[in-house]
Amino acid sequence: RTRFKVLTILVAFIAGFGSGVGLKTAYEAISSKPYYWKSPPIIVNCYGEDFSEPQLVRAISYWTLRGQSIGFYEHKPSKKTCENEWLEGFIILRRSDLLDRDESTLANTRRYTSLTRMKGAVIYYTPGTQNLDMINEHELGHALGFSHVEVVGNIMHPLYHKMGRDFLLPTE
């Protein structure tokens, strides 16, 4: 009898967790901007000195011209700041040797969310890709809460060779 109760609770937990993940995935797939920041995020460059500051400034300008708010950015943050995996209210830029294993992945953004609210984000760059044209604008778009848009020429297109400087949501 006790085993049956434990098994029932375990099955219910797994089913609930799976449903939650499925609903979140479906929500992200149908929404161009599934997540929103409560207050403007702070961007910190924990990648290192070979991350181009003008590239970062250009990416920030790209999004602020489109109505997105950024608190401020720190190009040379303290080591203590960069020791954290992620920080609430921050977008952290990092180098990732793990992405080297998949040659098609130039960068990846990990979003930390609570329902539809962005809590934090970390952008991981394959070494050498951090200064490619448009890559920072694209990944910063993810960190600001935007999803991929399958329109050739859109900054949020999932394939680098099909990206462009346009930014229109599918409903526009």
Side-chain angles (χ1 to χ4, degrees), residues 24-25 27-29 31-150 154-167 169:
K24 183 176 181 178
T25 303
Y27 173 67
E28 288 180 2
S31 177
S32 297
K33 187 166 188 195
Y35 302 107
Y36 297 86
W37 287 86
K38 182 178 177 182
S39 58
I42 298 164
I43 300 173
V44 292
N45 170 24
C46 293
Y47 185 98
E49 289 185 22
D50 39 328
F51 196 108
S52 167
E53 186 171 12
Q55 287 274 17
L56 178 57
V57 169
R58 188 179 76 191
I60 292 169
S61 293
Y62 179 90
W63 287 108
T64 56
L65 289 171
R66 286 156 181 83
Q68 301 301 303
S69 296
I70 304 293
F72 63 91
Y73 80 93
E74 181 63 46
H75 196 65
K76 295 180 181 178
S78 71
K79 287 184 181 184
K80 185 173 171 77
T81 299
C82 292
E83 287 173 356
N84 295 286
E85 173 81 20
W86 72 281
L87 290 168
E88 188 158 346
F90 284 74
I91 298 171
I92 300 175
L93 314 176
R94 294 191 184 284
R95 174 189 177 113
S96 176
D97 295 322
L98 296 176
L99 295 177
D100 277 350
R101 297 178 187 157
D102 179 2
E103 293 179 15
S104 66
T105 303
L106 302 176
N108 184 41
T109 299
R110 168 74 168 102
R111 297 188 280 209
Y112 295 87
T113 61
S114 176
L115 298 176
T116 61
R117 187 172 72 84
M118 289 289 301
K119 293 179 75 177
V122 180
I123 302 174
Y124 296 97
Y125 294 90
T126 299
T129 65
Q130 76 281 3
N131 295 320
L132 287 174
D133 190 39
M134 297 183 291
I135 198 74
N136 296 307
E137 289 87 339
H138 177 89
E139 294 303 328
L140 191 53
H142 285 311
L144 290 170
F146 292 99
S147 295
H148 283 136
V149 176
E150 298 265 350
N154 193 303
I155 196 70
M156 295 310 296
H157 197 286
L159 300 175
Y160 182 74
H161 69 280
K162 292 187 176 185
M163 275 184 218
R165 295 232 168 260
D166 296 337
F167 179 70
L169 296 176

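All residue numbers in this chain count up from 1 along the given sequence. These numbers were taken from a predicted model, which means no experiment stands behind them.
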* Asked: Residues in side-chain hydrogen bond (donor to acceptor under 3.5 Å, both in side chains) with T64, at least two apart?
  -> none

* To do: Decide yes or no on side-chain contact (heavy atoms from CB on, under 4.5 Å) for L87 and V44, but give the supporting numbers first.
  => CA-CA 10 Å; L87 290 168; V44 292; 5.9 Å; no

* Kindly compute the distance separating NZ (K79) from CD (E83), expressed to the nearest 0.5 Å. => 9.0 Å

* Asked: For S78, which residues count as a side-chain hydrogen bond (donor to acceptor under 3.5 Å, both in side chains) partner, sequence neighbours excluded?
  -> T81

* Asked: Could you go step by step and tell me if I43 and L140 meet the side-chain contact (heavy atoms from CB on, under 4.5 Å) rule?
  -> CA-CA 9 Å; I43 300 173; L140 191 53; 3.8 Å; yes

* Can you tell me how far CG of N45 sits from CD1 of I91, rounded to the nearest 0.5 angstrom? -> 13.0 Å

* Asked: So how far is it from Y125 OH to T109 OG1, rounded to the nearest 0.5 Å?
  -> 7.0 Å

* Asked: Checking side-chain contact (heavy atoms from CB on, under 4.5 Å) for the pair R95/F51: CA distance, chi angles, key distance, verdict?
  -> CA-CA 9 Å; R95 174 189 177 113; F51 196 108; over 6 Å; no

* Using modelled atom types only, decide if a donor and an acceptor are shared between the side chain of N136 and the backbone of E139 within a distance under 3.5 Å. => no

* Tell me, which pairs form a salt bridge (charged side-chain N to carboxylate O under 4.0 Å, His left out) where one or both residues lie in residues 40-55, sequence neighbours left out? -> none

* Asked: Can you find a heavy atom in the side chain of S96 that is under 4.5 Å from one in the side chain of Y47?
  -> no

* Hey, could you give me the OH/CZ distance between Y35 and R111, rounded to the nearest 0.5 Å? => 6.0 Å

* **Check against side-chain contact (heavy atoms from CB on, under 4.5 Å), H142 and M156** => CA-CA 8 Å; H142 285 311; M156 295 310 296; 3.4 Å; yes

* What's the spacing between L132 CG and E137 CD if we round to 0.5 Å? -> 11.0 Å

* Structure fact -> R94 meets the side-chain hydrogen bond (donor to acceptor under 3.5 Å, both in side chains) criterion, sequence neighbours left out, with none

* Asked: With L159, which residues qualify under side chain to side chain contact (heavy atoms under 4.5 Å, CB included), at least two apart?
  -> H157, H161, K162

* To do: Would you mind listing every salt bridge (charged side-chain N to carboxylate O under 4.0 Å, His left out) that reaches into residues 120-129, with sequence neighbours excluded?
  => none

* Does W37 use its side chain to pair, donor to acceptor, with the backbone of G145 at less than 3.5 Å? -> no

* Considering residues at least two apart in sequence or located in another chain, which fulfil the side chain to side chain contact (heavy atoms under 4.5 Å, CB included) criterion with D133? -> R58, Y160, R165

* Starting from the C-alpha separation in whole Å, work towards a yes-or-no answer on salt bridge (charged side-chain N to carboxylate O under 4.0 Å, His left out) for E88 and R117. => CA-CA 11 Å; E88 188 158 346; R117 187 172 72 84; 3.6 Å; yes

* **Contact list for residues 52-83, test disulfide bond (SG atoms under 2.5 Å apart), sequence neighbours left out** => C46-C82

* Structure fact -> Between A143 and A121 the two heavy atoms that sit nearest each other are CB-CB, 3.8 Å

* **Partner set under side chain to side chain contact (heavy atoms under 4.5 Å, CB included) for P158, not counting sequence neighbours** => H148, E150

* By side-chain hydrogen bond (donor to acceptor under 3.5 Å, both in side chains) - contacts of N131 (at least two apart) -> none

* Sequence neighbours excluded, every pair satisfying ring-ring contact (aromatic ring centres under 6.0 Å, His included) that has a member inside residues 57-84 -> W63-F146, W63-F167

* Asked: How long is the span from the CG atom in L144 to the CD1 atom in I60, to the nearest 0.5 Å?
  -> 9.5 Å

* Whether T126 side chain and T105 backbone form a donor-acceptor pair below 3.5 Å -> yes

* Asked: Partners of E85 by side chain to side chain contact (heavy atoms under 4.5 Å, CB included), sequence neighbours excluded?
  -> Y112, Y124

